[in-house]
Amino acid sequence: MLRTTKQMLCILLVITWGYGQEKHLKYSDSLIKKNYSYLQERIDNAPDTPSGLLYTKGMMAKAANEQNHGQLFQGYKNSLHFEQAYVTRLKYADSMLYESQYLGEKIKASALLTKGAVHYNEKKYKFALDCYLEAEGLLSADPENILYYKAQYCIAQVKYYLGYYPQAIKLLIPCLHNFKEEEPRGYINTLHLLGLCYNRNGDYTLCSTTNKFGIAEASRLEESDMLPYFLHSEGVNQYFIGNYALALKHLKSTLPFLSGRGDYANISVAWCYIGKVNDKLGHPYESLLAYRNVYNIFSEHHYIRPDGVQALYALAQQSKADGDIENQLQYTAALLSADSLMHTDFRYLSDRLHTEYDTAQLQKEKNTLQQRLKSGAKDGNWRYALWTLLVAVGVCIIIKCLKRYRWTRQRVKPEQVNDTPTGFLNSRNQTVTLRKDLAIGLLEKLEKFERQKKYLGKDMNLAMMAKYLDTNTKYVSMLIHEYRGKKTPEYINDLKIDHLVGLFGKDKKFQNYTHSALAAEIGLSSTKSLHKAFLNRIEITLPQYLENLQATKGQQEFTDSKDGN
């Protein structure tokens with residue numbers, strides 16, 4: 001049902017700002033005689049100012065009086081620029097959507113993209129994605145329209161934040177080519193997001209190439225406000241490459257700009273990686289200071305990325321070491337809250353989080369800490385009891401972190417064996433190592449084991465290896481620990497997964513095998529074992545890795561297009 005002029009004016013009264021309403025509305029009435037081009041020009045020339053706001057009200061009053069749905073749509077869109085509150089912005093977006101029903105599917109798609117952007121800016125990724133997908137559906141019959149690629153870009157944004165990096169890359173590459181001539185800002189934004197996706201996908205060289213190209217293009221197109229974002233992206237990327245000094249330089253240089261824009265999400269990421277860099281450089285105090293900034297942003301805005309959860313864990317562990325029960329409880333509660341957030345907004349990465357941080361154990365720890373604080377127990381016996389209670393979760397997390405961030409030793413040739421290998425600790429905490437002559441002989445057999453791919457035997461285990469190497473299980477465990485830097489099951493599974501990855505590269509047919517067939521190919525008895533071993537070794541899931549391979553062609557096209565510029 002069409003709204004009457006009186007109804008439209010009532011709605012206009014409801015959505016106006018509170019200060020000086022009578023004066024502003026009287027002035028708006030005087031603008032009704034002006035044409036829409038005049039009003040829009042004044043709005044464009046006075047963005048984010050009281051004057052621009054008055055012209056916007058005048059446009060909406062005129063459009064409501066004339067029941068002009070197109071200009072009402074534009075008026076609501078203009079109003080978004082004068083409002084910061086999420087709820088009010090959402091009302092304007094819904095009003096745009098209402099008016100779009102009279103204006104055609106393309107206008108409705110545009111309204112959906114605007115509403116999605118309102119959700120997205122508040123980190124409401126699920127709601128944003130619903131809007132973007134609906135908009136894409138309306139535009140699918142006309143993919144040459146630039147609005148279609150805007151929808152694709154928006155979907156890619158959400159997929160990036162949810163962890164679907166190969167899917168995001170596939171969507172962004174066509175956007176890049178279509179934005180280049182018609183949408184300079186969209187083109188630069190796409191380059192930036194591509195770089196982020198390449199980094200999270202493990203393509204660090206391609207990320208650096210994209211960032212450098214993006215900086216050059218942003219300068220050429222006079223989009224200078226995007227330069228800090230490329231430096232921010234490159235700072236994170238340099239951390240993964242291992243250039244810690246450069247990473248620190250880039251990340252710190254972006255903080256003033258990000259603070260000026262109130263971009264707490266990227267500020268959180270910057271502090272997170274500043275903390276990680278300092279941790280790598282052996283500066284624990286600076287690292288914890290950075291991590292506290294991540295915690296403060298999480299407390300205030302309830303925002304954190306999966307890679308930032310480590311900051312909360314580090315703070316909790318340090319508080320435990322310091323005997324600071326109140327802070328330990330505070331950071332443990334934050335970890336549980338982050339877990340809930342990951343489950344809601346980062347479903348793909350939620351399982352990874354649960355693997356590293358046992359939520360049930362954390363909850364138990366939190367409850368126990370609360371009870372102890374209430375009871376006021378502070379003697380040394382209680383501290384010992386607290387330590388005992390926490391050791392289980394601590395050991396689990398530390399083991400997982402060591403696996404995730406492990407230092408993989410270079411494989412040692414027999415002639416490289418020295419007299420002081422790492423060794424085992426016996427029950428008296430004394431280092432026990434293999435004799436040099438024994439180690440050399442066993443290493444020769446181990447290399448033969450690896451060359452002949454004996455590790456592909458079905459359910460290969462420690463006992464089977466000991467039989468093959470003609471020794472006992474104790475010596476095999478010591479050998480692999482000392483000269484491969486791993487426990488035997490991890491060593492065997494890593495060899496199997498490395499072999500599987502090699503098969504994917506040599507023959508594409510393996511990419512189409514079922515997961516059960518792949519498990520059988522490398523001697524694993526179940527797909528569950530395959531997925532667990534693959535994740536531990538490659539640090540992404542098998543399905544995601546296969547998607548990466550499919551994205552390679554698109555990545556190469558993107559690289560070729562840059563080479564041709």
Salt bridge Asp307-Arg200, side-chain N to carboxylate O under 4.0 Å:
yes
What are the two closest non-hydrogen atoms of Ser208 and Ile241, and how far apart are they?
OG-CD1, 3.9 Å
Do Lys454 and Tyr468 form a cation-pi contact, if we require the NZ or CZ to be under 6.0 Å from the six-membered ring centre and within 45 degrees of the ring's axis?
no
If we ignore hydrogens and angles and just use 3.5 Å, is the side chain of Thr209 paired with the main-chain N or O of Thr205 as donor and acceptor?
yes
Side chain of Ser299, backbone of Tyr295: donor and acceptor closer than 3.5 Å?
yes
Might you point out which heavy atoms bring Ala168 and Lys159 nearest each other, and give the distance in Å?
CB-CB, 4.2 Å
Can you say whether the rings of Tyr120 and Tyr132 are parallel (under 30°), tilted (30 to 60°) or perpendicular (over 60°)?
tilted
Answer yes when Arg484 and Glu450 have at least one side-chain N-carboxylate O distance shorter than 4.0 Å, and no when they do not.
yes
For Phe298 and Tyr291, run ring pair (Phe, Tyr, Trp, His ring centres under 6.0 Å): C-alpha distance rounded to whole Å, both residues' side-chain angles, the deciding distance at 0.1 Å, then the answer.
CA-CA 11 Å; Phe298 178 64; Tyr291 288 157; over 10 Å; no
Considering non-hydrogen atoms only, spot the tightest contact between Ser337 and His302 and give its length.
OG-CE1, 2.9 Å
Would you check, one step at a time, whether the test side-chain contact (heavy atoms from CB on, under 4.5 Å) holds for Ile215 with Met226?
CA-CA 8 Å; Ile215 289 172; Met226 281 301 295; over 6 Å; no
Taking the six-membered ring of Phe127, is the NZ or CZ of Lys124 close enough (under 6.0 Å from the centre) and on axis enough (within 45°)?
no
Ring-plane angle category for Tyr244 and Tyr239, please: parallel below 30°, perpendicular beyond 60°, tilted otherwise.
tilted
